[in-house]
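Right, one structure below, let's go through it.
In this text the structure is predicted, and so the values were computed from the model without any measurement. Quick note: residue numbers are just sequence positions, from 1.
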Amino acid sequence: MAALYDFDTAIDRRGTWCIQWDGVADRFGVDGLLPFTISDMDFATAPEVLAALRDRLDHGVFGYTTWQQDDFRSAVAHWYATRYGTEIDTGQLVYGPSVLNQLSQLLQMWTGEGDGVVVHTPTYDGFRKAITGLGRELRGVPVGDEEALVRELARPDAKVLVLCSPHNPTGRVWTADELTRMAELAERYGVAVVSDEIHADFVHEGYVHVPWTRVAGEAGGGGGRWALISSGSKAFNFPALTGSYGLIGDPADRAEFLRRMETAEGLASPAVLSLTAHIAAYREGGPWLDAVRAYVAGNLGHVAERLSAGLPELGWEPPQAGYLAWIDLRAAGVDDAELQRVLVERERVAIMGGAVYGAPGFVRLNVGCPRVKVERGVEALIRAVRAVRSVR
């Protein structure tokens, strides 16, 4: 019996204005590289989403739109109930063009210039840009270092903990106990929490994502000052449609957020195709997501197998979530700049260096793509590491 979904057939994305393929020279200085970079996938979105979009396009009228309607709200509630066994209060929902835009609004609400914003390191570069771009002080704590987390949260001017759950770029899935502990610490020190959960739908077999709403309800999570921000765009691969949603615990904060979006930001009307895509994905897209996640898990398994054979000193294991292989190359002892030079000039591939996330000695390899592309990427990485190491 043929597979229901085809993830092996490559789709040519060149000339479609996509950042990963058409914008590679902006970051790497050279066109024509095989990219494993920005975190979107080379797969078409779910057929159910495409069908819903086509139906909406056939309607032909694209006037001003509201997200505050039951079709959207109930679809989000259905997703959390069926995927995470979590009942959400749809009255807490808000909407924004992206999770980073929501983060920016929340930081402006809950912090002032110079205030401390705590993040786990390595840190997604979008967080770094949003925090420092607003004149706030980014304060990093290593993933898993609770002593450092306590120290930073206890500082009088620490105002917000920005949590990436699951964590990007490491792919770490926080346990319920870890999240509860973070909520308790936030409550103790009066620190607000913004939990970015856009990678939650890509948690792999054997791990469980716990939405922040569950621990915030139990531990307070900053005296009620918390927000969960997310989008279906990551898992279902439609970020170009824009659109994200959030849950904000405190009614006054929620009202202020909506006021900012609708008046100060002029974003009262969302993109109708984003709403359409979200509703279809959350109502009908589960089987496709399960299939693409299994395919990606196979890609990650292939990377682990090849690295074990080609660079066994790394001891690399697949991440707990996502399609981003976060690879620690420090045991190989290679120079980052020289490695990038060889990857670009000799191997003709674009792979994100760890320094982008504040972690020299690592690379981030995007495997949300057909297996044949993954094979080319991991073999290029192995050859480049060996080449750089051989001339030390």
Side-chain angles (χ1 to χ4, degrees), residues 73 76-77 79-80 84-96 98-112 115-120 123-124 126-127 130-131 134 136 138-139 141 146 149-150 152-168 172-200 209-231 244-261:
R73 285 172 162 163
V76 176
W79 189 250
Y80 276 76
Y84 305 118
T86 298
E87 182 178 347
I88 65 167
D89 178 358
T90 57
Q92 294 179 335
L93 277 169
V94 298
Y95 195 88
S98 70
V99 292
L100 284 177
N101 178 273
Q102 289 193 73
L103 174 62
S104 177
Q105 297 302 318
L106 292 162
L107 289 176
Q108 291 175 70
M109 287 168 52
W110 293 343
T111 67
D115 282 341
V117 178
V118 181
V119 298
H120 288 95
T123 305
Y124 166 49
F127 286 175
I131 294 166
L134 289 170
R136 277 54 169 173
L138 185 147
R139 295 177 182 162
V141 297
E146 184 175 328
L149 180 63
V150 172
E152 292 300 336
L153 293 179
R155 294 174 64 173
D157 62 346
K159 302 300 183 183
V160 173
L161 167 64
V162 177
L163 176 64
C164 201
S165 179
H167 185 260
N168 174 20
R172 167 77 170 271
V173 176
W174 304 103
T175 68
D177 287 345
E178 287 173 326
L179 292 170
T180 299
R181 177 62 173 159
M182 291 182 207
E184 290 170 346
L185 290 172
E187 174 71 12
R188 178 187 305 171
Y189 296 113
V191 174
V193 177
V194 180
S195 183
D196 175 353
E197 304 189 9
I198 198 170
H199 292 273
H209 172 70
V210 178
W212 185 261
T213 54
R214 293 203 347 222
V215 298
E218 295 170 2
R225 180 156 276 188
W226 59 266
L228 183 162
I229 56 178
S230 193
S231 173
S244 68
Y245 59 88
L247 295 154
I248 298 178
D250 181 73
D253 285 334
R254 190 162 59 250
E256 172 60 13
F257 181 93
L258 292 172
R259 185 198 69 78
R260 284 171 172 265
M261 298 302 288

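Contact detail for Thr213 and Trp226: the closest heavy-atom pair is CG2-CH2, 3.6 Å. Across all non-hydrogen atoms, the minimal contact from Val215 to Ala176 is CG1-O, 4.3 Å. Across all non-hydrogen atoms, the minimal contact from Asp250 to Asp253 is OD2-N, 2.9 Å. Nearest heavy-atom pair, Leu153 versus Tyr189, reported as atom, atom and distance to 0.1 Å: O-CB, 3.4 Å. Here the shortest heavy-atom pairing between Ala158 and Val191 reads O-CG2, 3.6 Å.
Annotation: side chain of Leu100 is in contact with side chain of Tyr124 (closest heavy-atom distance under 4.5 Å). Residues Leu149 and Leu185 have side chains in contact (heavy-atom distance under 4.5 Å, counting atoms from C-beta outward). Counting heavy atoms from C-beta on, the side chains of His120 and Leu163 come closer than 4.5 Å. Contact check for Val194 versus Trp212: no side-chain heavy atoms found under the 4.5 Å cut-off. Annotation: side chain of Leu258 is in contact with side chain of Val94 (closest heavy-atom distance under 4.5 Å). Using a 4.5 Å cut-off on side-chain heavy atoms (C-beta onward), Leu106 and Val160 make no contact. Using a 4.5 Å heavy-atom threshold, the side chains of Asp157 and Arg139 count as touching.
To the nearest 0.5 Å, the span separating CZ on Arg181 from CD on Glu146 amounts to 4.0 Å. A distance of 14.5 Å separates CG in Leu161 from NZ in Lys159, rounded to the nearest 0.5 Å. In this structure, CH2 on Trp79 lies 10.5 Å from OG on Ser230, to the nearest 0.5 angstrom. Rounding to the nearest 0.5 Å places OG1 of Thr123 at 7.5 Å from CD1 of Ile131. Interatomic distance, Ile229 CD1 to Ser165 OG, rounded to the nearest 0.5 Å: 11.5 Å.
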Output, in order, the C-alpha distance, side-chain angles, deciding distance and verdict of side chain to side chain contact (heavy atoms under 4.5 Å, CB included) for Val76 and Thr90. CA-CA 8 Å; Val76 176; Thr90 57; over 6 Å; no
Quick one, Asp196 with Phe127, criterion side chain to side chain contact (heavy atoms under 4.5 Å, CB included). Give me CA distance, side-chain angles, the key distance, then yes/no. CA-CA 10 Å; Asp196 175 353; Phe127 286 175; 3.4 Å; yes
Can Trp174 and Ser195 be said to form a side chain to side chain contact (heavy atoms under 4.5 Å, CB included), step by step? CA-CA 12 Å; Trp174 304 103; Ser195 183; over 6 Å; no
Could you please spell out the steps behind the side chain to side chain contact (heavy atoms under 4.5 Å, CB included) verdict for Val210 and Tyr84? CA-CA 7 Å; Val210 178; Tyr84 305 118; over 6 Å; no
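Remark: the backbone N or O of Ile248 is paired with a side-chain donor or acceptor of Arg254 at under 3.5 angstrom. The main-chain N or O of Tyr245 is found under 3.5 Å from a side-chain atom of Gln102 such that the two form a donor-acceptor pair. Judged by distance alone, with hydrogens and angles left aside, the side-chain atoms of Gln105 form no donor-acceptor pair with the main-chain N or O of Phe257 at under 3.5 Å. At least one donor-acceptor pair closer than 3.5 Å links the side chain of Arg136 to the backbone N or O of Thr111. Using modelled atom types, one side-chain atom of Asp115 and one backbone atom of Gly112 make a donor-acceptor pair closer than 3.5 Å. No donor-acceptor pair closer than 3.5 Å links the side chain of Ser244 to the backbone N or O of Ser231.
The pair Glu256-Arg259 meets the salt-bridge criterion, with a side-chain N (NZ, NE, NH1 or NH2) lying under 4.0 Å from an Asp/Glu carboxylate O.
Residues forming a side chain to side chain contact (heavy atoms under 4.5 Å, CB included) with Ser104 (at least two apart in sequence, or on another chain): Gln108, Leu134.
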